[in-house]
Undergrad: 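Pasting a structure below so you can have a look.
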Amino acid sequence: MKPQIAELLSAAVDSLKTQNVVPADLEPRIQVENTRDKAHGDLATNLAMMLAKPAGKNPRELAQLLVDALPDNTLVEKVEIAGPGFINFYLSDESTASLIKAVLEQKAQYGRNNDGEGRKVQVEFVSANPTGPLHIGHGRGAAVGDCLCRLLEATGWDVTREFYYNDAGAQINNLALSVQARCKGLTPDDAGWPEDGYRGDYIVELANSYMNGDTVESADQSFTGAKDADDLEAIRHFAVAYLRREQDLDLKAFAVDFDVYFLESSLYSDGKVEDAVQRLIANGYTYEDGGALWLRTTDFGDDKDRVMRKTDGGYTYFVPDVAYHLDKWNRGFTRVVNEQGADHHSTITRVRAGLQALNTGIPKGWPDYVLHQMVTVMRGGEEVKISKRAGSYVTLRDLIDEVGRDATRYFLAARKADSQLTFDIDLARSQSSDNPVYYIQYAHARVCSIFRKLAEAGQSWSEELGLASLAALELESEKELIVKLGRYPEVVKRSASINEPHNIATYLRELAGDFHAWYNSEKTLVEDDAVRNARLALAEAVRQVINNGLDLLGVSAPEEM
RNA sequence: GCGCCCGUAGCUCAAUUGGAUAGAGCAUCGGCCUUCUAAGCCGAGGGUUGCAGGUUCAAUCCCUGCCGGGUGCGCCA
């Protein structure tokens, strides 16, 4: 509805230009906004206030001229000028009816658009190293990342979900040593235990599985335990495969699937690291100092230069990072979003600087980053810090097992990523109005229930009859609900464009609230055919939008609760 | 010390990319089941948007400086 109103305003501005009321060379950005207060109509614009200065008129006077210049139309029933110069639009019955019609006709497609025009976008998220079960922070990344992917898919993008991990670094070595120590029967308190070894119980299970000769398979790894406690290389391979499988199972339980698992080690074996290094050297952005090779990242906004190749000959982590991102670019992803914990934010400047130094035409601000802040888990008013298996942190699995997938996903995705999140287990577990997940799902189930009752009563409903009877929706609460439904497409559009999936959760909470209020005040299955058919059409439209929105969050929409 | 993020009702959080009287939920208090699911609804109280300036017709939002919390500052990833 916004674009149509904007068009009317644009025509009005053009008309005022020909009358020399506003300068002809002015190209104002026309903003049409939803009103917060229904006393201000359904939509509003600040256009008159924006144009007041260049036109040399006071805003209210200009607003009147704009209103007078609006073309004839059937969208708007009434236009008012209010406050300092706002122009408020009241939608006609015809346009609200068209909103509900759009939902019923487009069904699962309602709210989707083609902003992406089929272009490729890659979202990298989770990217946990295979050194243990996924923790709650990975869970937040998984929820936010996957919801973002769903949003991008809903807005016409060709999405690739990618998981990157280091399968060869010092951490993996430490993991192998920890497993080996367990294979040999050592415990963390023994003298031979590796320094900073992984102490969680899962290491014991891993060691037992290896010594048992088990075969483990994950999405991208498969390996059989060699049963040899002295073969560190075999242990390393087995441990990586084992933990990758474990993380796979966690992700599966969370309903998150990846298209690509990318191994850091492949960047070396495929020569991509070396290639990137050579390009950086050739471009003249490197220098040797103190036996190390440095990249002049300060040329690109970093606060100090960074070591690329250490004195021991190995590369620092950001070199493969740069090579990895060059590879993403070469794969044709002009839009890339990296979802990661905010504790890694310092890599952003470095990676972007490295990419600029490659001189390959990669835009300065590429790629996008979505950084999520820490998650604190609370139970019984106290912070929960450890899990039994992992020892030192709360696992994603613990949460899914305890509060369920739907609630976990909702809670982790419903907050803006860049603010810290308190995960209240008691709240997420509660099956009551306290819990926004159930609140939204319940609204969906209620509509389904109405239709079941309708069938039980031997009555029928047709979409056609419903749409033909929409004029029977005369109540204020009904009109508000319809307008709310009409806003859904903008919420999707905007959330996807700014990489902020939490808006969907907020919107659904509001929509469910409006629906519950209406449900309680008005009976749907009434005698009057027109009213019943119209209300059922509205209820079905609400159900459809809730269903569409929950799908974007990866949360189920139950028909019965 | 420097960089980045955050600071909104007692608590958890929103606020449509600068708009009108800052909104929900929880908690507290008071109501509503003979009626399509009470996993619900209605009502009440609760605020100097951390503080102080600035830009603007208009600031929770942008700028500057403080205060407080988080996080990063490695030839670790």
Side-chain angles (χ1 to χ4, degrees), chain A residues 2 31 33-37 39-40 44-46 49-50 52-53 58-59 82-86 88 129 131 165-166 169-172 264 290-294 302-304 306-312 314-318 320-321 341-349 371-374 378 381 411 414-424 427 430-439 441-443 445-454 456-457 487 490-491 494-495 497-498 500 502-503 505-507 509-510 513 515-526 535 539 560-561:
Chain A
K2 276 184 184 175
Q31 301 176 49
E33 292 154 352
N34 297 318
T35 54
R36 294 184 205 220
D37 189 337
H40 300 141
T45 184
N46 57 3
M49 291 178 288
M50 307 264 293
K53 195 167 262 180
N58 84 55
F86 288 101
N88 296 333
N129 287 337
T131 56
Y165 67 95
N166 176 350
Q171 291 179 56
I172 300 299
E264 182 179 354
L293 182 67
W294 295 71
D302 203 355
D303 50 6
K304 55 181 162 186
R306 304 291 168 178
V307 169
M308 291 172 61
R309 191 171 57 226
K310 300 178 277 184
T311 48
D312 70 5
Y315 292 113
T316 58
Y317 72 91
F318 101 93
D321 259 10
D343 53 340
H344 285 197
H345 75 259
S346 60
T347 66
I348 298 176
T349 312
L371 303 180
H372 65 258
Q373 296 286 335
M374 286 198 338
M378 303 290 283
F411 274 70
R415 303 287 184 233
K416 203 160 42 181
D418 59 12
S419 61
Q420 291 170 43
L421 164 62
T422 302
F423 193 112
D424 184 338
L427 179 61
S430 75
Q431 303 205 349
S432 71
S433 58
D434 306 4
N435 191 334
V437 188
Y438 288 100
Y439 185 84
Q441 290 179 320
Y442 184 42
R446 267 185 154 171
V447 176
C448 295
S449 174
I450 294 173
F451 280 93
R452 281 195 298 272
K453 278 279 186 275
L454 178 79
E456 281 170 25
R487 290 179 182 177
E490 310 158 12
V491 176
R494 182 165 187 279
S495 302
S497 69
I498 59 176
E500 288 191 356
H502 76 278
N503 294 309
T506 306
Y507 171 84
R509 183 66 181 68
E510 288 173 7
F515 169 76
H516 284 306
W518 175 65
Y519 176 92
N520 272 279
S521 64
E522 311 303 330
K523 199 167 155 69
T524 307
L525 301 178
V526 294
R535 286 187 179 162
E560 243 176 308
M561 291 177 76

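For clarity, every value in this text was computed on a predicted model and none was experimentally measured. Each chain gets a letter, A, B and so on, in the order its sequence line appears, and its residues count up from 1.
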Undergrad: Can you tell me if the side-chain N/O atoms of Lys416(A) get under 4.0 Å from OP1 or OP2 in A15(B)?
TA: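 Yes, Lys416(A) has a side-chain N/O under 4.0 Å of OP1/OP2 on A15(B).
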Undergrad: Find out whether Glu510(A) and Thr506(A) are in side-chain contact, i.e. whether some heavy atom of one side chain is under 4.5 Å from a heavy atom of the other.
TA: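 They are in contact (side-chain heavy atoms under 4.5 Å apart), so the answer is yes.
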Undergrad: Should Phe411(A) and Leu421(A) count as side-chain neighbours, where that means a heavy-atom distance under 4.5 Å?
TA: no
Undergrad: Specify the separation, in whole Å, of atom CG of Asp424(A) and atom C1' of A27(B).
TA: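 Rounded to the whole Å, the gap is 12 Å.
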Undergrad: Ile450(A) has a side chain; which of G72(B), C42(B), C36(B) sits nearest to it?
TA: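 Ranking G72(B), C42(B), C36(B) by closest atom to the Ile450(A) side chain puts C36(B) first.
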Undergrad: Could one point to a donor on the side chain of His344(A) or the base of G72(B) with an acceptor on the other under 3.5 Å away?
TA: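 By the distance-only test, no, there is no pair.
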Undergrad: For C41(B), does OP1 or OP2 lie under 4.0 Å from any side-chain N or O of Tyr439(A)?
TA: yes
Undergrad: Does the side chain of Lys2(A) get closer than 4.0 angstrom to OP1 or OP2 of U16(B) through an N or O atom?
TA: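 So the side-chain polar atoms of Lys2(A) never come under 4.0 Å of the phosphate oxygens OP1 or OP2 of U16(B).
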Undergrad: Considering only the P atoms, how many Å lie between G43(B) and A24(B), rounded to the nearest integer?
TA: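 My reading of the P atoms in G43(B) and A24(B) gives 10 Å.
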Undergrad: Strictly below 4.0 Å: does Lys53(A) bring a side-chain N or O up to OP1 or OP2 of U56(B)?
TA: no
Undergrad: Evaluate the side-chain proximity of Glu490(A) to Asn34(A): yes if any heavy-atom separation is below 4.5 Å, no if none is.
TA: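 The answer is yes; the side chains approach within 4.5 Å.
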Undergrad: Expressed as a whole number of Å, how far does the C1' atom of U16(B) sit from that of G65(B)?
TA: 31 Å
Undergrad: Identify which nucleotide among G69(B), G72(B), C13(B) has an atom closest to any side-chain atom of Gln420(A), counting heavy atoms from C-beta outward.
TA: G69(B)
Undergrad: Can you tell me how far C1' in G46(B) sits from the matching atom in U28(B), rounded to whole Å?
TA: 10 Å
Undergrad: May I have the distance from Tyr317(A) (atom OH) to C73(B) (atom C1'), rounded to whole angstrom?
TA: 10 Å
Undergrad: Could one point to a donor on the side chain of Thr316(A) or the base of C75(B) with an acceptor on the other under 3.5 Å away?
TA: no
Undergrad: Select one nucleotide: of C36(B), G40(B), A77(B), the one nearest the side-chain heavy atoms of Leu525(A).
TA: C36(B)
Undergrad: For the OG1 atom of Thr45(A) and the CE atom of Met50(A), what is their distance to the nearest 0.5 Å?
TA: 8.0 Å
Undergrad: Name the closest nucleotide to the Met561(A) side chain, picking from C6(B), G40(B), A39(B).
TA: A39(B)
Undergrad: Can you check the distance between C26(B) and G69(B), where both ends of the measurement are the P atom (answer in whole Å)?
TA: 31 Å
Undergrad: Looking only at atom P, what distance separates G70(B) and U12(B), rounded to whole Å?
TA: 14 Å
Undergrad: Which atoms form the tightest heavy-atom contact between Ala342(A) and Gln373(A), and what is the distance?
TA: CB-NE2, 3.4 Å
Undergrad: Using the P atom on both, measure C67(B) against U56(B) and round to a whole Å.
TA: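 Comparing P positions in C67(B) and U56(B) gives a spacing of 28 Å.
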Undergrad: Does C62(B) sit syn or anti, given that only angles within 90° of 0 count as syn?
TA: anti
Undergrad: Got a donor-acceptor pair under 3.5 Å from the side chain of Asn34(A) to the base of U16(B)?
TA: yes
Undergrad: If you check the Thr422(A) side chain, which of C13(B), C4(B), A77(B) turns out closest?
TA: C13(B)
Undergrad: Just compare C5(B), C75(B), A15(B) and give me whichever is closest to any side-chain atom of Gln373(A).
TA: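 The listed nucleotide nearest to Gln373(A)'s side chain is C5(B).
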Undergrad: Nearest whole angstrom, please: distance from the P of C6(B) to the NE2 of His372(A).
TA: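 Taking NE2 of His372(A) and P of C6(B), I get 15 Å after rounding.
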Undergrad: Counting any heavy atom closer than 4.0 Å, what does Lys453(A) reach on the DNA or RNA strands: base, sugar-phosphate only, or nothing?
TA: sugar-phosphate
Undergrad: Work out how far the P atom of A20(B) is from that of G53(B), and round it to whole angstrom.
TA: 23 Å
Undergrad: Just need the stems in RNA chain B: three or more back-to-back Watson-Crick or G-U pairs, each with both distances under 3.5 angstrom, sorted by first number.
TA: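 For RNA chain B the paired stretches long enough to count as stems (3 pairs minimum) are B:1-7 with B:67-73, B:10-13 with B:23-26, B:28-32 with B:40-44, B:50-54 with B:62-66.
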Undergrad: Closest approach to the side chain of Ile498(A), judged atom by atom: which nucleotide of G70(B), U17(B), C75(B) is it?
TA: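 Comparing G70(B), U17(B), C75(B) against the side chain of Ile498(A), the answer is U17(B).
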Undergrad: Residues in side chain to side chain contact (heavy atoms under 4.5 Å, CB included) with Asp37(A), at least two apart?
TA: Ala39(A), His40(A)
Undergrad: For nucleotides 19-24 of chain B, just jot down a letter per nucleotide in 5' to 3' order: B, S or -, based on protein non-hydrogen atoms under 4.0 Å.
TA: BB----
Undergrad: Looking only at atom P, what distance separates A44(B) and U34(B), rounded to whole Å?
TA: 25 Å
Undergrad: Can you figure out which of A14(B), G3(B), C36(B) approaches the side chain of His345(A) most closely?
TA: G3(B)
Undergrad: For U16(B), does OP1 or OP2 lie under 4.0 Å from any side-chain N or O of Thr506(A)?
TA: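 Answer is no, no contact under 4.0 Å.
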Undergrad: Taking any heavy-atom pair under 4.0 Å as a contact, classify Ala445(A): base, sugar-phosphate, or nothing.
TA: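 Touches a base.
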Undergrad: Could you check if a side-chain atom of Tyr519(A) sits within less than 4.5 angstrom of a side-chain atom of Val447(A), using non-hydrogen atoms only?
TA: no
